[in-house]
Engineer: 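This is the structure I want to talk about, given as structure tokens.
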Amino acid sequence: MPVAPFDFSSLLPAGLPPAAVKWTGAARYNFIGGNNDPAQVPVDGLIAAATAVLKREGPALASYGVRTGPQGYRPLREFLADKLRRDAGMSCSYDDILIVSGSLQALDLINGVLLARGDTVIIEQESYQGSLNRLKRLGVNAVGIPLDRDGMRIDALSDALASLKERNIRPKYIYTIPTVQNPTGTIMPIERRRELLKLATDYGVPIFEDDCYADLIWDGQRPPAIHALGESGNVIHIGSFSKSIAPALRVGFIVAPWQILSRALALKSDGGTGALEQMVLAEFCGPQFTTHVPRLRRGLRAKLDTLIAALNEQFGTAAEFDDPKGGIFLWVKLPDAVDTMKLNQAALAAGIAINPGPEWSTDATYSRSRLRLCFASPSPEAIREGIALLADVCRKEFGVPARIANVAQRAGR
Ligand SMILES: Cc1ncc(COP(=O)(O)O)c(C=O)c1O
């Protein structure tokens with residue numbers, strides 16, 4: 001007789017996130033997630049680095065973590081300290097850095113150190129879904145600050161801080177993605193970084209700077225990190241190798257004062273970030289990071305050009321967007337008639353995955369007809385075909401785009 005499967009449902013505690021949906025394969029035209037370009041993973045360099053480091057230090061894998069202590073593999077932290085000084089103007093030593101299992105773990109650890117249910121934080125109105133969802137799950141009130149082409153608006157931030165202070169609320173941090181913002185692609189200029197820092201300092205609020213796209217600016221010119229401009233140690237800076245090398249490696253980092261790192265370390269309960277990944281990255285990045293990244297940027301820029309051309313051809317003036325100065329995303333505004341949550345469902349049924357705006361915003365009305373497209377991972381052919389199909393789906397559902405390539409289209413075609 002068949003045995004009835006054990007039922008766990010009565011054992012599940014309250015407050016779990018909704019159950020995951022079973023994976024049924026990636027969409028044929030996949031414009032979602034923060035994935036990288038498969039053709040740009042430096043496979044040969046990583047093979048050579050893995051071979052060299054395993055031959056030299058392989059026996060160290062017998063122990064949990066790495067030989068250089070719980071903050072992570074020292075050559076990798078030394079590489080980072082040097083790179084952050086050179087590129088972002090930050091003065092930090094390897095000892096100010098904690099290697100983590102992707103910057104998602106950095107988000108969890110900093111949230112774990114600073115946040116309790118009912119707290120308030122300030123965040124860009126459009127922001128990374130992973131950050132927004134974490135705050136929601138923690139029961140934290142996220143106050144969204146609108147962005148313009150230079151990132152978080154300082155006038156709106158100033159008003160929000162003043163109004164919170166009137167209500168005796170001190171936000172736990174101001175979370176910002178200042179260097180190629182996700183999803184809008186803006187880069188905050190240095191003057192605005194200074195203003196942001198001044199406001200944060202005046203109100204006694206730390207800044208949580210998430211800088212994971214900073215290597216992907218087309219001309220390689222980035223403003224100094226906010227961390228570099230502060231003097232009082234009130235900026236927590238996080239970054240990642242996901243966007244510059246490969247997200248599957250799961251290696252990110254936190255730069256923060258020991259008062260924060262010591263607490264984050266106490267919460268880091270994974271037995272150490274993968275040692276092999278850290279060792280391979282250090283071995284590869286030392287000699288090759290500065291040649292790999294410009295190549296990656298050129299490839300990404302070419303894919304963005306393909307996406308922009310496809311949108312112009314298929315959507316015409318119905319798709320509005322700014323040409324981002326870097327990154328892997330395009331943030332697109334469609335006509336007001338389009339509800340991108342509904343478009344997402346219809347597109348999925350046609351084999352196209354997009355990120356609907358409301359999942360990336362604290363303002364459901366503003367983001368209703370917006371969407372985010374990742375151009376890094378689909379091939380140029382998939383970008384062209386996928387956007388043509390998306391235009392068809394959108395036209396069937398919402399009657400727009402009405403024209404393509406200056407040829408009028410009928411809804412329901
Ligand atoms: C702004 C931002 N922060 C953090 C992450 C997490 O990256 P990872 O955990 O791969 O380092 C992402 C991923 O897309 C992101 O866009």
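Ligands are counted one by one from 1 in listed order, and the atoms in each one are counted from 1 as well. Quick caveat, the model's predicted, so the values are computed rather than measured.
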Engineer: Got the closest protein heavy atom to atom 4 (C) of ligand 1, with its distance?
Structural biologist: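 Looking only at protein heavy atoms, the one closest to atom 4 (C) of ligand 1 is Ser103 OG, 3.3 Å.
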Engineer: Any idea which heavy atoms bring Pro223 and Ile190 closest together, and the distance?
Structural biologist: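 Heavy atoms only, the tightest pair is CB-N, 4.4 Å.
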Engineer: Between the main-chain N or O of Ile226 and the side-chain N or O of Glu209, is there a donor-acceptor pair closer than 3.5 Å?
Structural biologist: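 At least one qualifying donor-acceptor pair exists.
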Engineer: How does Asp210 reach ligand 1, if at all, at less than 4.0 Å between non-hydrogen atoms: by side chain, backbone, both, or neither?
Structural biologist: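 For Asp210, the contact with ligand 1 is made by the side chain alone.
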Engineer: Need the ligand 1 atom indices (1-based, order shown) with element for anything under 4.0 Å from a heavy-atom of Ser240.
Structural biologist: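 With Ser240 as reference, the close atoms of ligand 1 come out as 8 (P), 11 (O).
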Engineer: Under 4.0 Å from any heavy atom of Ile177, which atoms of ligand 1 are there?
Structural biologist: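 Heavy-atom distances to Ile177 below 4.0 Å select 1 (C).
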Engineer: Quick one: does Cys212 get within less than 4.0 Å of ligand 1, heavy atoms only?
Structural biologist: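 Contact check Cys212 vs ligand 1: positive.
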Engineer: Any donor-acceptor pair under 3.5 Å linking the side-chain atoms of Gln105 with those of Asp270?
Structural biologist: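 Looking only at side-chain atoms, Gln105 and Asp270 do form a donor-acceptor pair, the distance falling under 3.5 Å.
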Engineer: With backbone taken as N, CA, C and O and side chain as the heavy atoms from C-beta onward, which portion of Pro247 lies under 4.0 Å from ligand 1: side chain, backbone, both, or neither?
Structural biologist: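 Neither part.
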Engineer: Output the list of atoms in ligand 1 that are nearer than 4.0 Å to some heavy atom of Gly102, sorted by atom number.
Structural biologist: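 This gives 9 (O), 11 (O) as the contact atoms.
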Engineer: Have a look at ligand 1 and work out which part of Phe241, if any, has a heavy atom under 4.0 Å from it: side chain, backbone, both or neither.
Structural biologist: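 Under 4.0 Å from ligand 1, Phe241 contributes no heavy atoms.
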Engineer: Got a salt bridge between Glu283 and Arg56, using NZ or NE/NH1/NH2 to carboxylate O under 4.0 Å?
Structural biologist: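 Salt bridge between Glu283 and Arg56, a charged N being under 4.0 Å from a carboxylate O: yes.
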Engineer: Does Gln105 approach ligand 1 within less than 4.0 angstrom via side chain, backbone, both or neither, non-hydrogen atoms only?
Structural biologist: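 For Gln105, no heavy atom sits under 4.0 Å from ligand 1.
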Engineer: Within the 4.0 Å heavy-atom shell around Arg250, which atoms of ligand 1 are there?
Structural biologist: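 Matching atoms, with element in brackets: 8 (P), 9 (O), 10 (O).
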Engineer: Less than 4.0 angstrom from a charged side-chain N to a carboxylate O is my criterion; do Lys198 and Asp202 meet it?
Structural biologist: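 The answer is yes: the pair qualifies as a salt bridge.
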Engineer: So Phe6 and Phe8, ring pair (Phe, Tyr, Trp, His ring centres under 6.0 Å) or not? Walk me through it.
Structural biologist: CA-CA 6 Å; Phe6 187 83; Phe8 288 89; 4.8 Å; yes
Engineer: Between Gln278 and Leu76, is there a donor-acceptor pair closer than 3.5 Å when you use the side chain of the first and the backbone of the second?
Structural biologist: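 Flag not set: sc Gln278 to bb Leu76 has no pair under 3.5 Å.
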Engineer: Write out all pairs satisfying side chain to side chain donor-acceptor pair (under 3.5 Å) with one or both partners inside residues 150-166, taking only residues at least two apart or from two chains.
Structural biologist: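 Output for this query lists Arg153-Asp155, Ser163-Arg167.
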Engineer: Just which atoms of ligand 1 are under 4.0 Å from any heavy atom in Lys243?
Structural biologist: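 Every atom of ligand 1 under 4.0 Å from some heavy atom of Lys243: 13 (C), 14 (O).
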